[in-house]
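The structure appears below as structure tokens.
Treat the numbers as computed from the prediction; the structure is a model and nothing was measured. Residue numbers start from 1 in every chain, and the chains themselves are labelled A, B, ... in the order their sequence lines are given, proteins ahead of strands.
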Protein chains: 2
Amino acid sequence: MAVLHHHPFCPCSRFVRLVMAEMGMEMELIEERVWERREAFLTLNPAGTTPVLSEEQVTAVPGATVIAEWLDETRGLALGERRLLPDNPLKRVEVRRLMSWFGEKFAEEVAGPLVQEKIYKRFSGGGSPDTTAIRAAKNNVRYHLRYIGFLIRQRNWLAGDVLTYADLMAAAHISVADYLGDIPWDEDKTAREWYARIKSRPSFRPLIADRVAGMPPSAVYADLDF
Amino acid sequence: MAVLHHHPFCPCSRFVRLVMAEMGMEMELIEERVWERREAFLTLNPAGTTPVLSEEQVTAVPGATVIAEWLDETRGLALGERRLLPDNPLKRVEVRRLMSWFGEKFAEEVAGPLVQEKIYKRFSGGGSPDTTAIRAAKNNVRYHLRYIGFLIRQRNWLAGDVLTYADLMAAAHISVADYLGDIPWDEDKTAREWYARIKSRPSFRPLIADRVAGMPPSAVYADLDF
């Protein structure tokens, strides 16, 4: 069975869990506390970051987009209509553009600072949360929600007619901020409806069950009719 | 002809210039000063970042890795032995892992801070350079050089037997720090030899000709026998 080295609140790990569930793959999860810099984990991925996928054919595939490309290359064609990266190179550009938007830009401006300040610092003894960084993230998230709304008013899913990696990357990143109660859902009704559609998919259930010890999720986190 | 929106000292733009030259593609270069947030450019790429590729079939392909995947999907097979992303999915994992290493990790730890503090701030009026950030970058670069040396002692090129995107991503990022005189070439002899091999390729010549007004390159920058 495939093994995923992850952290429950690493947005990129959540993306891979969603992808594998959508592909019908079973997985064994191993939680990595990256700040501990466990030696065996650094051998697997010298960059020391989650997620890392291990399976029979390959010892280590590190990083959300490298894993996404690998899974598409080894399973994509067999998925037919449910393929998460379209066949057409032009459509692939749009999916990858939005994967990068949420996996890098949103990560840097919103999800990364929130997880770092509110969750990782709690466990790694990294000091008290930087409230300026948290405030900036909570402000930045608004224009990202409006951008999702803008796209969904033109399309069925973020990158086009069908569900793709772009939706899962965006939803994975939003989900950690939503756990923390930092998504202002009144900002954009269309974005909220899109997220409700993703959240009700079976692939999302394991994420909704995740909990941080001593830090319960926001009231809307597990609610499918938020 | 393909049009590349770039900045001469944006490492990711340099990567794409190297890739297109290696593929034998001609290109028209348009310099973008991203800090000016030119409206027509933001329409092309709402993320407001370079590089962005435009060609007949597609208005905008934004970002180094999205461009690399697009060029491989549209030209890769025709390149035969000179393909920059190998056919084998396992080998592609290693190339993409190292593209991410240099395009994200090295970028964040070395090239990004140096370009931001020493070059972009000069033109964007962003204040005086942050010497702490520069010092950290100049320290970080050492372990990256040792990592390149470690890989090249086992392989002909960074990701294996042949030149790939991984080498070009690494060299593009190193080249801007080298311009600024911030690469301690005595750190690792093998890394230096690898860089000398890349630097002597015809694809590298246009990069060696780039200059920042009022800021001449380091003594070794244009020297092929540094």
Side-chain angles (χ1 to χ4, degrees), chain A residues 12 42 44-49 52-77 85-109 112 143-144 146-148 150-151 159 165-166, chain B residues 12 42 44-49 52-77 85-109 112 143-144 146-148 150-151 159 165-166:
Chain A
C12 286
L42 290 175
L44 214 54
N45 181 19
T49 49
V52 178
L53 177 70
S54 295
E55 49 177 333
E56 214 177 326
Q57 316 95 296
V58 59
T59 318
V61 187
T65 56
V66 183
I67 294 172
E69 298 287 351
W70 160 260
L71 291 176
D72 186 68
E73 283 170 359
T74 52
R75 274 89 170 176
L77 286 177
L85 193 58
D87 300 342
N88 180 314
L90 276 173
K91 292 187 176 170
R92 291 164 85 89
V93 166
E94 182 63 353
V95 173
R96 291 191 179 113
R97 177 181 81 83
L98 290 166
M99 281 172 77
S100 157
W101 183 286
F102 291 98
E104 294 168 38
K105 192 174 172 64
F106 185 92
E108 196 180 308
E109 294 174 357
Y143 92 87
H144 286 285
R146 291 198 301 272
Y147 190 48
I148 290 172
F150 166 78
L151 292 171
Y165 283 154
Chain B
C12 286
L42 291 175
L44 215 53
N45 180 18
T49 50
V52 178
L53 176 71
S54 295
E55 49 177 334
E56 213 176 325
Q57 315 94 295
V58 58
T59 319
V61 187
T65 56
V66 183
I67 294 172
E69 298 286 350
W70 161 260
L71 291 176
D72 185 68
E73 283 169 359
T74 53
R75 275 88 169 174
L77 286 178
L85 192 57
D87 300 343
N88 180 313
L90 276 173
K91 293 186 175 170
R92 292 164 86 89
V93 166
E94 184 62 353
V95 173
R96 291 190 180 115
R97 177 181 82 82
L98 291 166
M99 282 173 76
S100 158
W101 184 286
F102 291 99
E104 293 168 39
K105 192 172 171 64
F106 185 93
E108 195 180 308
E109 294 174 356
Y143 92 87
H144 286 285
R146 292 198 301 273
Y147 190 48
I148 290 171
F150 165 79
L151 292 171
Y165 282 154

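Of the charged side-chain nitrogens involved, none lies within less than 4.0 Å of a carboxylate oxygen, so that B:E108 and B:K105 do not count as a salt-bridged pair.
Contact tally against chain B (heavy-atom pairs below 4.5 Å) for A:T49, A:T65, A:V61: the top residue is A:V61. Taking B:S100, B:G63, B:P46 one by one and counting their heavy-atom pairs under 4.5 Å with chain A, the maximum is reached by B:P46.
Looking only at atom types and distance, the side chain of B:W70 has a donor-acceptor partner in the side chain of B:E55 under 3.5 Å away.
Side-chain atoms of A:Y165 do not come within 3.5 Å of backbone N or O of A:V95 as any donor-acceptor pair.
Taking 4.5 Å as the limit, every side-chain heavy atom of B:D72 sits out of range of all side-chain heavy atoms of B:L77.
In this structure, the portion of A:P62 lying under 4.5 Å from any heavy atom of chain B is its side chain and not its backbone. With a 4.5 angstrom heavy-atom cutoff, A:R92 touches chain B only via side-chain atoms.
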